*Asks:* 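Before I ask anything, let me first share the structure, which is written out below as structure tokens.
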Amino acid sequence: MSEEQKNDLPDLSSQGSNARQAERVSQRAEIIHDDGRREQVELEAQRFWSGALPRPEDFAKYAEIVADAPERILRMAEKEQDHRIDLERQIVPANNNAGARGQWLGAGISVLALVLAVVANWIGAPWQVSTAIVGVPVLSVARSLVAAFRNPSE
């Protein structure tokens, strides 16, 4: 019986900030049956993992190349995590402010449309003008609500 084993470690880091890695292990064997038939079989196993850090088994290999590599890798991961936390501290309030600004702007436009409709009616414009002035913001709000119900993630 002959056996061949190979390890293939492709780096799939182009798929995002968390490196996705894979390991393939193949074993080939020849099985000789009782009746003299020979059969070639290949067993293949794949293992995937992802994250900012390599597998714990790989840390020792990094230390063989550069003595303080595991500590440097951990420091790098900690800095990346701190950076992400800092970005979230900035982005969440900015998104909240943008949402509030949009609501105030929508309310202001709606009030302006109502005032303009009242003024148009007061100066004797046809009723269609007042309806159009009020209808545009109302339909815009309705469209936004429909879109929000279709895409609840937003």
Side-chain angles (χ1 to χ4, degrees), residues 4-29 40-66 68-154:
E4 176 189 344
Q5 182 177 10
K6 64 179 180 180
N7 288 331
D8 185 22
L9 296 172
D11 181 17
L12 304 174
S13 60
S14 64
Q15 295 184 356
S17 60
N18 287 340
R20 184 168 183 255
Q21 301 169 355
E23 176 181 34
R24 291 186 187 131
V25 179
S26 293
Q27 292 182 339
R28 291 185 182 183
Q40 297 285 332
V41 293
E42 182 173 355
L43 301 173
E44 183 172 308
Q46 294 183 353
R47 194 164 68 167
F48 296 92
W49 66 95
S50 65
L53 297 173
R55 296 181 307 146
E57 305 93 65
D58 293 336
F59 265 174
K61 294 176 185 175
Y62 283 107
E64 291 172 5
I65 299 169
V66 177
D68 65 340
E71 292 83 16
R72 290 168 60 184
I73 292 171
L74 285 173
R75 240 181 287 125
M76 177 188 66
E78 289 168 352
K79 283 183 178 181
E80 181 181 348
Q81 184 66 28
D82 290 342
H83 177 66
R84 287 183 180 193
I85 290 171
D86 186 46
L87 282 178
E88 286 182 13
R89 281 189 188 132
Q90 295 173 11
I91 289 173
V92 170
N95 285 343
N96 290 341
N97 290 340
R101 197 170 35 248
Q103 288 177 349
W104 280 110
L105 183 61
I109 289 172
S110 297
V111 168
L112 179 65
L114 285 173
V115 168
L116 288 175
V118 168
V119 168
N121 190 31
W122 183 64
I123 63 172
W127 65 269
Q128 293 92 347
V129 173
S130 297
T131 304
I133 290 173
V134 173
V136 170
V138 168
L139 290 176
S140 177
V141 168
R143 186 183 63 134
S144 297
L145 289 173
V146 168
F149 284 118
R150 285 187 183 165
N151 298 327
S153 62
E154 293 180 0

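Here, residue 1 is the first one in the sequence, and each next residue gets the next number. All figures in this text were calculated on a predicted structure; none of them were measured in a lab.
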*Asks:* Would you confirm whether Ser140, through its side chain, and Val136, through its main-chain N or O, come within 3.5 Å as a donor-acceptor pair?
*Replies:*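 Here the side-chain-to-backbone pair does not exist.
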*Asks:* So, taking the atom named CD1 in Ile73 and the one named CG in Asp68, what distance separates them when rounded to the nearest 0.5 Å?
*Replies:*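 Reported value, rounded in 0.5 Å steps: 9.5 Å.
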*Asks:* To the nearest 0.5 Å, tell me how far Glu44 CD sits from Arg24 CZ.
*Replies:*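 Interatomic distance, Glu44 CD to Arg24 CZ, rounded to 0.5 Å: 6.5 Å.
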*Asks:* Shortest non-hydrogen contact from Pro54 to Tyr62?
*Replies:*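 Pro54 and Tyr62 have their closest heavy atoms at CG-CE1, 3.7 Å.
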*Asks:* Quick one: side-chain contact (heavy atoms from CB on, under 4.5 Å) partners of Val41, sequence neighbours excluded?
*Replies:*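 For Val41, the residues satisfying side-chain contact (heavy atoms from CB on, under 4.5 Å) (neighbours in sequence not counted) are Ala29, Ile31, Glu39.
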*Asks:* If you compare all heavy atoms of Val134 against all heavy atoms of Ala113, which two are closest, and at what distance to 0.1 Å?
*Replies:*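 Closest approach of Val134 to Ala113: CG2-O, 4.1 Å.
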*Asks:* Can you name the nearest heavy-atom pair linking Ser130 to Ala117, along with the distance?
*Replies:*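 Closest heavy-atom pair between Ser130 and Ala117: OG-O, 3.1 Å.
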*Asks:* State the CG-CD1 distance between Asp86 and Ile91, to the nearest 0.5 angstrom.
*Replies:*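 Separation between the atoms: 9.5 Å.
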*Asks:* What's the spacing between Ile133 CD1 and Leu112 CG if we round to 0.5 Å?
*Replies:*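 So the gap between those two atoms works out to 9.0 Å.
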*Asks:* Supply the atom-to-atom distance Ile85 CD1 to His83 NE2, rounded to the nearest 0.5 angstrom.
*Replies:*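 Reported to 0.5 Å precision, the distance equals 11.5 Å.
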*Asks:* Hey, are Glu88 and Arg84 close enough for a salt bridge, meaning a charged N less than 4.0 Å from a carboxylate O?
*Replies:*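 No, Glu88 and Arg84 are not salt-bridged.
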